[in-house]
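Structure first, then comments.
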Amino acid sequence: MSIRITQSKCVGCGMCIEACPGNLIKKNSDGKAYMLHERDCWGCTSCIKECKTGAIRFFLGADIGGRGSTLSVSEKNNISTWKIEDPNENVKIIEVNKNDANKY
Ligand code: SF4
Ligand code: SF4
């Protein structure tokens, strides 16, 4: 499995469901997103980029030096906040102002 959905952070917007090319994410009876077939996820990250609440975490595998760390993305106004958390709960935050996107 490449992602995990924290349902307490999910607001049921459905953006991840629309974004998943494998149709792997569904809503439960509470309107919260969940993975239908976790093993089928190939980690394309489309759902993570669409989730504005940071409810979806992506597992950074050993093959890219992730060592069990996870990545989540949340967004408020024009600021995207990328949060990387390692297994020891050390956190790194990267903030990106989307207004600056065309500067690079
Ligand atoms: S990472 Fe890609 S394949 Fe996996 S659940 Fe998200 S959108 Fe679907
Ligand atoms: S995009 Fe995030 S908040 Fe919206 S349904 Fe999916 S997990 Fe929930």
Side-chain angles (χ1 to χ4, degrees):
M1 183 181 73
S2 295
I3 71 157
R4 185 167 296 160
I5 299 172
T6 303
Q7 294 198 335
S8 59
K9 292 185 177 178
C10 175
V11 296
C13 68
M15 295 297 286
C16 57
I17 296 169
E18 287 184 31
C20 180
N23 202 22
L24 303 176
I25 307 175
K26 304 291 179 189
K27 273 188 191 177
N28 66 18
S29 57
D30 294 329
K32 308 278 188 178
Y34 73 97
M35 288 288 290
L36 187 61
H37 300 299
E38 293 175 342
R39 282 180 295 181
D40 290 344
C41 170
W42 63 93
C44 74
T45 73
S46 295
C47 57
I48 300 159
K49 289 182 278 191
E50 290 300 326
C51 183
K52 309 296 188 230
T53 67
I56 303 177
R57 286 188 296 150
F58 179 67
F59 284 81
L60 302 171
D63 52 336
I64 58 168
R67 299 184 179 189
S69 298
T70 61
L71 167 71
S72 61
V73 184
S74 57
E75 192 174 304
K76 194 169 185 182
N77 300 321
N78 285 320
I79 305 296
S80 286
T81 302
W82 296 64
K83 178 181 174 186
I84 300 169
E85 187 169 358
D86 74 16
N88 297 320
E89 300 184 0
N90 297 309
V91 174
K92 289 182 182 166
I93 300 285
I94 301 168
E95 286 192 340
V96 179
N97 187 330
K98 295 176 84 174
N99 288 335
D100 295 339
N102 291 328
K103 289 184 179 177
Y104 306 105

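Counting convention: from 1, in listed order, for ligands and their atoms alike. Please read all numbers here as calculations on a predicted model, not as lab measurements. Computation of the quantities below employed the complete heavy-atom set of this structure, encompassing side-chain atoms and omitting hydrogens, waters and symmetry-equivalent molecules. If you read the sequence from its start, that first residue is 1, and numbering goes on from there.
Residue contacts with ligand 1 do not include S2, since none of its heavy atoms lies under 4.0 Å from the ligand.
Enclosure of atom NZ in K92 is not indicated, since only 12 or fewer non-hydrogen atoms of other residues, nucleotides or ligands lie within 6.0 angstrom.
Using a cut-off of 4.0 Å between Lys/Arg side-chain N and Asp/Glu carboxylate O, E85 and R57 are scored as not salt-bridged.
Below 4.0 Å from some heavy atom of C16 lie the following atoms of ligand 2, by number and element: 1 (S), 5 (S), 6 (Fe), 7 (S). Of all atoms in ligand 1, listed by their number and element, those nearer than 4.0 Å to a heavy atom of C41 are 1 (S), 4 (Fe), 5 (S). Of all atoms in ligand 1, numbered sequentially from 1 with element shown, those under 4.0 Å from a heavy atom of T45 are 1 (S), 2 (Fe). With ligand atoms numbered from 1 in the order given, ligand 1 contributes 1 (S), 5 (S) to contacts under 4.0 Å with heavy atoms of I3. Residue I56 approaches ligand 2 through these ligand atoms, each under 4.0 Å from one of its heavy atoms: 7 (S). In the vicinity of P21, heavy-atom distances shorter than 4.0 Å reach the ligand 1 atoms 7 (S). Distances below 4.0 Å separate heavy atoms of G14 from the following atoms of ligand 2: 4 (Fe), 5 (S). Taking every heavy atom of M35 and a limit of under 4.0 angstrom, the matching atoms of ligand 1 come to 5 (S).
Of the possible donor and acceptor atoms, one in the side chain of T53 sits under 3.5 Å from a partner among the backbone N and O of K9.
Between the CG atom of L71 and the CD1 atom of I56 there is a distance of 11.0 Å, given to the nearest 0.5 Å. Note that CD1 of I25 is 12.5 Å distant from NE2 of H37, once rounded to the nearest 0.5 Å. Between W42 atom CH2 and S2 atom OG the span is 10.5 Å, to the nearest 0.5 Å.
Closest to atom 4 (Fe) of ligand 2, if we only count protein heavy atoms, is C13 SG, 2.3 Å. Nearest protein heavy-atom contact of atom 3 (S) of ligand 2 is V11 N, 3.3 Å. Of the protein's heavy atoms, C51 SG, 2.4 Å lies nearest to atom 2 (Fe) of ligand 2. For atom 8 (Fe) of ligand 1, the closest heavy atom belonging to the protein is C20 SG, 2.4 Å.
Scanning both residues, I48 and I3, for their nearest heavy atoms gives CD1-CG2, 4.0 Å. Contact between K26 and I17 at its shortest, heavy atoms only, is C-CD1, 4.0 Å. Between M35 and C41, the shortest heavy-atom distance links the atoms CE-CB, 3.7 Å. Closest approach of N28 to D30, counting heavy atoms only: OD1-N, 2.8 Å.
For C47, the nearest N, O or S atom to atom 6 (Fe) of ligand 1 falls under 2.8 Å.
The side chain of T53, and not its backbone, has at least one atom closer than 4.0 Å to an atom of ligand 2 (non-hydrogen atoms only; side chain from C-beta on).
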